[in-house]
Every structure is written in structure tokens, then in C-alpha cells.
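Reading through the C-alpha cells given below for one structure.
The model shown is predicted, which means the values in this text are computed figures rather than measured ones. All values below come from the heavy atoms of this structure, side chains included, with hydrogens, waters and symmetry mates left out.
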Protein chains: 2
Amino acid sequence: MATVHQEESIALLKAHGLSVTGGRKDILVIFLSRKGALAHADIEKKLGARYDRVTIYRTLQSFVDKGLIHSIPTNDNSIRYALCKDECASGHHHDHHVHFVCKRCDNTYCLDSVATPSIKLPKGYSINQVEMVVSGQCPSCQ
Amino acid sequence: MATVHQEESIALLKAHGLSVTGGRKDILVIFLSRKGALAHADIEKKLGARYDRVTIYRTLQSFVDKGLIHSIPTNDNSIRYALCKDECASGHHHDHHVHFVCKRCDNTYCLDSVATPSIKLPKGYSINQVEMVVSGQCPSCQ
DNA sequence: GTTGTCTTGCAACCATGTTGCTTTTTTGTA
DNA sequence: TACAAAAAAGCAACATGGTTGCAAGACAAC
Ligand SMILES: [Mn+2]
Ligand SMILES: [Mn+2]
Ligand SMILES: [Zn+2]
Ligand SMILES: [Zn+2]
């Protein structure tokens, strides 16, 4: 399934300076063939027992480091990851979009078309990064 | 220490329909005498070995349920809690302010004076809650 | 003070994430 | 294509965060 994204995943890995391995390809294909964010546990489930848990952790970390995926903060203590757009590269993420978490189906979406609004803080605070997470019901769950 | 907040904590517990126990008082006093958000581990450290880990978890959960504290989403997989304002009650939180995480001192602040900006999402999404977490450097760390 | 209810402590468990080290795979080069 | 260096994967062990069931203790109301 989803052999469609095999080539694309290989190209992406090379473009981001990562060596091409079975695990990285498989994990990246999962992200490519799936709209919405994934947690480590989701990926582990989808992969079956093909790879060690530790390998998955390290793969996700390297993807974040190289600008292939970004992490999304949640209040339920589980990190979720989603594909970055082309502008992201090693050490330079440019994800300024809003994230949406559906309270019914529990899916997390990157709303690429919605930019995080600019914000003015009291004197003394310098801003580095702004994260906006909206929760409610997604279109499929209305 | 901080016996100043003893009475206040008792009053708050009663006002939110919680029975008054040693653990709840002590934990609430910690929140009252501390500006900034606290994680479970911080509280455990401040309490010494006076209470069981499980008791602290359950206490924090009951505080959230009753509208005494609210949780703040972070991207480092640790839930932090901060006192609510008076408007929050059992099952009805009204925390619409921005949160700030300092990347240097790692403190988390409720910016009560900064409201979360309103946001417009694509068709089909219904909004329930908006969380905004800004990171950078706090005034003390400039 | 007695009684019923709620809270606590304890033990055991599960989930998530990390580290060190060895073996295997990848990659660039000869 | 073969080889060596570098990187990744697997394994084991550990750390932290959080949950559950149950028995014993504390609180609140009468
Ligand atoms: Mn995103
Ligand atoms: Mn707050
Ligand atoms: Zn949904
Ligand atoms: Zn600071």
C-alpha cells in the first residue's frame, strides 16, 4: 500500500541530508499518505513490529532536527508530529500556522491557510515563537 | 513558611466545594505563594516527602475539575498548572489569556492582561477553545 | 461522638521516552 | 565491485510520568 509515496520519501530524505534507510522511508511514507498529525504510538501501530521502538523515536527526532516534521503541543501530554512545508530546513523551522484538535475524533490538523495572529506582549517580553492550538469539531465530525 | 496563605487556601477550597485536607491546603498554598505555573514534579519537590505521588496527582486533578487551577499545554510533554481567576468554577473554565514560556529560565507565566486573539477558521470547523503559548525571554531574563 | 463519605497511602502496573553499547546497514571512495 | 568509515538499528536497561484497585485513615454532617 501507498507505494505511491516511495520515491517522494526517498527524494525528501536526500534533500534534507538524511541517509535512506528502510525505517525512515516507511515512516515518511506514513506521513505522506496521511493528512493530519501522528503521535509516536500511532506510527508504532501502523508499522506493526517492523522496527524497534527506539528506532522510531530516533527517526522522529532526526526528522524534527532536519526540518521534515514539526511537533505540535497538546495538553494531554503526548507529542504529535506533522509534515513541514518546503520552507523548513535543518535547524530552521518556519511553521507559523494554526493547529486544530478535534475533540470528537481526536485528529490533529495543520491549518496551513491560517497564520498565527501577531500578538503584543507587555514590556520586557521578547518573542521567539508563537503556538496556537484550537480545539473543537472538525468538518468531518460536524 | 507562607502561613500567610493558609486562611486564603481554606476559603478557596470551601468556595469550590472541596473538603479541606492537609494535602490540598499545602498544595494550594504553594500555588498562592508562587507566581508562575508549576508541574507535578515541582510540587512534589516543594512538598518534600509529605505526601504520596498519587495524592498529588489526584489533588491536581480535583483542582482542575473544580476550577481552581488550569493546565497549560507545552511541547515538552509535561503538563503545567496555574491558578485560575475567580470566574472559573466547577466544569466551567474561563481562561482566555496567553501563556508565556521563558526559554532561558524555563518559567511559565499567565499573561492575564493579554487576551487570546480571536481567530477565523475555514468553513466547517467549530471552535471550542483557543490556546496560545508564546515562548521567548521573560523580563527577568533579558 | 458516631456514622457515612471522601481522601490518602501503598502496591502494582502501564505508557512514554532516554542512554549505552553492539551489530548491521548505508554511503562514499578506491 | 569491493572496502572502510560513518551512520543507523536493535537490544537491554533505566528513568519519568501517570493510572488503578483496594484497604486504612481523615473529614464533615448530624
Ligand atoms: Mn503543523
Ligand atoms: Mn494561565
Ligand atoms: Zn473530528
Ligand atoms: Zn526567564
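Comparing B:K14 and B:A41 by the nucleotide of DNA chain D that holds the closest heavy atom to each, the one mapping nearer the 5' end is B:A41.
A salt bridge links B:R80 to B:D106: at least one charged side-chain nitrogen sits closer than 4.0 Å to a carboxylate oxygen.
One distance of note links CD1 of B:I30 with CG of B:L47; it measures 4.0 Å at 0.5 Å rounding. Rounded to the nearest 0.5 Å, atoms CG (A:D65) and CZ (A:R58) are 13.0 Å apart. Note that CG of A:L12 and NZ of A:K66 are 14.5 Å apart. Values are rounded to the nearest 0.5 Å.
The distance from atom CD1 of A:I43 to atom C1' of C:dG17 is 14 Å, rounded to the nearest whole Å. Rounded to an integer number of Å, the gap from CD1 of B:I79 to P of D:dT16 is 18 Å. As rounded to whole Å, 17 Å separates atom P of C:dT16 from atom CD of A:Q61. In this entry the distance linking CZ of B:F63 with C1' of C:dT7 reads 12 Å, nearest Å. Taking atom NZ of A:K66 as the reference point, atom P of D:dA8 lies 8 Å away to the nearest angstrom. Here D:dA8 presents its C1' atom at 14 Å from CG of A:L60, a figure rounded to the nearest Å. The distance from atom CZ of B:R53 to atom C1' of D:dT19 is 10 Å, rounded to the nearest whole Å. Look at NE2 on A:H40: it is 12 Å from C1' on C:dT18, rounded to the nearest Å.
Looking at the side chain of A:Y57, the nearest of the listed nucleotides C:dG17, C:dG9, C:dT8 is C:dG17. Side-chain proximity of B:R58 to C:dC10, C:dG17, D:dA28: nearest is C:dC10. Comparing C:dT19, C:dT8, C:dA11 by their closest approach to the side chain of B:V54 singles out C:dA11.
For D:dA7, the OP1/OP2 oxygens have no side-chain nitrogen or oxygen of A:S19 closer than 4.0 Å. Between A:T21 and C:dT26 there is no side-chain N or O to OP1 or OP2 distance below 4.0 Å.
Nucleic acid contact class of A:R24 (heavy atoms, under 4.0 Å, all strands): sugar-phosphate only.
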Working for ring-ring contact (aromatic ring centres under 6.0 Å, His included), residues A:F63 and A:Y81
CA-CA 10 Å; A:F63 283 7; A:Y81 301 91; 9.4 Å; no
